[in-house]
Amino acid sequence: MTLVSPSLLSADFGNLDRDIEMLNRSQADMLHIDVMDGVFVPNISFGFPVMKFIRRASTKPLDIHMMIVDPGRYVSQVRDCGAEIMNVHYEACTHLHRVVQQIRQAGMSPAVTLNPSTPVEMLEDIICDVDMVLLMSVNPGFAAQKFIPNTVRKTARLRELIDRSGSKAKIQIDGGINLQTGSEVVKAGADILVAGNFVFSAEDPEATIAELRKL
């Protein structure tokens with residue numbers, strides 16, 4: 001069964017409580033929260049007060065995706081928001097191994113994200129230390145972008161690296177996910193699909209999540 005992590009970046013911020021209640025009822029496995037600082041990516045999104053509200057309202061694990069410069073500064077704040085997963089960008093961490101250690105020591109699952117142009121081979125020396133790798137299938141910073149086709153081949157290369165190394169890391173894909181692109185990356189080895197606009201713009205978001213889980 002494919003896991004689904006709906007991205008709240010595409011939720012209705014004026015009715016966030018309503019959308020979270022819908023996700024609580026749904027088959028979503030976790031909630032994906034994109035934290036943007038306007039520096040690492042050209043956009044600004046959620047802050048810690050909003051994340052704390054989401055934690056109180058949600059019955060699902062929180063999958064916090066830190067699209068920010070120097071995310072290691074905020075490990076304790078993310079933990080205090082009740083996050084189960086803290087995901088940091090390879091490109092944003094000068095000392096990635098140290099940050100991964102800090103995340104695990106704080107009681108969260110460490111994950112690492114790669115931008116579209118960053119090869120999976122860069123993770124060879126950290127792959128056994130993380131619980132999840134997120135491949136961006138769009139350039140990070142904005143919702144509703146078109147899926148980058150090369151992500152399918154990249155997913156297959158990451159699956160080969162994980163299997164060869166003996167890592168237990170899950171593969172997550174974020175950006176332009178729908179039933180077609182989701183099926184392609186799952187066949188290539190993905191475990192978790194992040195879906196924002198495809199879920200929240202659907203006529204029946206709960207049914208859409210259920211369909212994604214069948215891929």
Side-chain angles (χ1 to χ4, degrees), residues 3-94 96 98-113 115 130-132 134 136 138-145 172 174-175 177 192-201 205-206 209:
L3 303 182
V4 178
S5 185
S7 174
L8 287 177
L9 190 63
S10 295
D12 181 350
F13 286 12
N15 293 283
L16 194 54
D17 204 13
R18 178 203 64 193
D19 282 356
I20 293 173
E21 288 178 4
M22 178 275 293
L23 293 174
N24 286 343
R25 295 191 305 269
S26 78
Q27 296 181 42
D29 298 279
M30 60 192 81
L31 303 188
H32 191 84
I33 301 175
D34 291 305
V35 180
M36 305 179 184
D37 62 0
V39 180
F40 182 69
V41 294
N43 200 2
I44 296 174
S45 62
F46 301 97
F48 295 119
V50 176
M51 284 191 277
K52 288 180 179 178
F53 163 76
I54 294 169
R55 175 68 287 161
R56 292 195 301 269
S58 175
T59 60
K60 310 284 185 174
L62 300 190
D63 168 21
I64 307 296
H65 179 190
M66 303 294 282
M67 299 183 182
I68 70 171
V69 172
D70 196 9
R73 294 177 295 167
Y74 300 104
V75 172
S76 61
Q77 289 96 321
V78 173
R79 176 201 60 205
D80 292 345
C81 288
E84 281 79 6
I85 302 168
M86 181 172 175
N87 198 330
V88 298
H89 271 257
Y90 169 88
E91 303 85 3
C93 296
T94 304
L96 178 59
R98 179 185 299 162
V99 175
V100 166
Q101 285 181 312
Q102 291 171 338
I103 293 170
R104 196 175 294 283
Q105 288 168 0
M108 297 178 288
S109 289
V112 63
T113 298
N115 280 337
V130 297
D131 295 337
M132 184 173 74
L134 168 57
M136 292 301 302
V138 299
N139 286 296
F142 298 95
Q145 296 185 68
Q172 186 179 62
D174 181 6
I177 291 297
I192 308 168
L193 300 177
V194 175
N197 187 63
F198 183 62
V199 167
F200 288 101
S201 66
E206 291 182 58
I209 292 169

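Predicted model, so just to flag it, every value in this text is computed and none were measured.
- The closest side-chain donor-acceptor pair between His65 and Asp63, if any, does not fall under 3.5 angstrom.
- For Phe13 and Phe46, the ring centers are positioned less than 6.0 Å apart.
- The structure places CD of Glu91 at 5.0 Å from CZ of Phe40, a figure rounded to the nearest 0.5 Å.
- With respect to Arg104 and Asp131, a salt bridge is recorded, a charged nitrogen being found less than 4.0 Å from a carboxylate O.
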- Dump the intermediate steps for side-chain hydrogen bond (donor to acceptor under 3.5 Å, both in side chains) on Asn197 and Ser10, then the final yes or no. CA-CA 5 Å; Asn197 187 63; Ser10 295; 5.0 Å; no
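- Put simply, the side chain of Asn115 reaches to within 4.5 Å of the side chain of Pro140, judged on heavy atoms.
- A pairwise comparison of heavy atoms in Phe200 and Ser7 identifies CE1-O, 3.1 Å as the closest pair.
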- Message: Using side chain to side chain contact (heavy atoms under 4.5 Å, CB included), reason through Gln172 and Ser5 one step at a time and then give a plain yes or no.
- Response: CA-CA 9 Å; Gln172 186 179 62; Ser5 185; 3.9 Å; yes
- Task: Begin with the C-alpha distance, continue with both residues' side-chain angles, and end with the deciding distance and a verdict on side chain to side chain contact (heavy atoms under 4.5 Å, CB included) for Val112 and Val99.
- Result: CA-CA 10 Å; Val112 63; Val99 175; over 6 Å; no
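- The shortest side-chain heavy-atom distance between Val75 and Gln77 does not fall under the 4.5 Å cut-off.
- With Arg73 contributing its side chain and Val69 its backbone, the two residues share a donor-acceptor pair below 3.5 Å.
- In this structure, Leu16 and Phe53 have side chains that are in contact, with non-hydrogen atoms separated by less than 4.5 Å.
- To the nearest 0.5 Å, the span separating CG on Asp12 from CG on Asp19 amounts to 6.0 Å.
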- Check the pair Leu8, Ile54 against side chain to side chain contact (heavy atoms under 4.5 Å, CB included), reporting the backbone distance first and the verdict last. CA-CA 10 Å; Leu8 287 177; Ile54 294 169; 3.7 Å; yes
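- The distance from atom CD1 of Ile20 to atom CZ of Arg55, rounded to the nearest 0.5 Å, is 9.5 Å.
- Between His89 and Leu134 the shortest side-chain heavy-atom distance does not fall below 4.5 Å.
- Listed here is the closest heavy atom pair of Pro110 and Ile103: CA-CG2, 3.6 Å.
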- Task: Starting from the C-alpha separation in whole Å, work towards a yes-or-no answer on side chain to side chain contact (heavy atoms under 4.5 Å, CB included) for Leu96 and Arg98.
- Result: CA-CA 5 Å; Leu96 178 59; Arg98 179 185 299 162; over 6 Å; no
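- Residues Ala57 and Asn24 come closest through the heavy atom pair O-ND2, 3.0 Å.
- Using a 4.5 Å heavy-atom threshold, the side chains of Glu206 and Met22 count as touching.
- Separating the CG atom in Leu62 from the NE2 atom in His32 is a distance of 11.5 Å, to the nearest 0.5 Å.
- Between the side chains of Asp34 and Ser45, no donor-acceptor pair of N or O atoms lies under 3.5 Å.
- Pairing each heavy atom of Ile68 with each of Ala92, the nearest pair is O-CB, 3.3 Å.
- A distance of 10.0 Å separates CG of Leu193 from CG of Asp174, quoted to the nearest 0.5 Å.
- Considering CD1 of Ile192 and CG of Leu3, their distance stands at 5.0 Å, rounded to 0.5 Å.
- Heavy-atom neighbours of Tyr90 OH from other residues, nucleotides or ligands within 6.0 Å: at or below the threshold of 12.
- Residue Ile209 comes nearest to Pro6 through the heavy atom pair CD1-CG, 3.9 Å, listed as atom of the first residue, atom of the second, then distance.
- Salt-bridge formation is not detected for the pair Lys60/Glu84: no Lys NZ or Arg NE/NH1/NH2 atom is positioned less than 4.0 Å from an Asp or Glu carboxylate oxygen.
- In summary, of the residues considered (Gln102, Met108, Arg79), a side-chain contact (heavy atoms from CB on, under 4.5 Å) with Met86 occurs for Met108 alone.
- In plain terms, the two heavy atoms of Ile177 and Phe198 that are nearest each other are O-CB, 3.2 Å.
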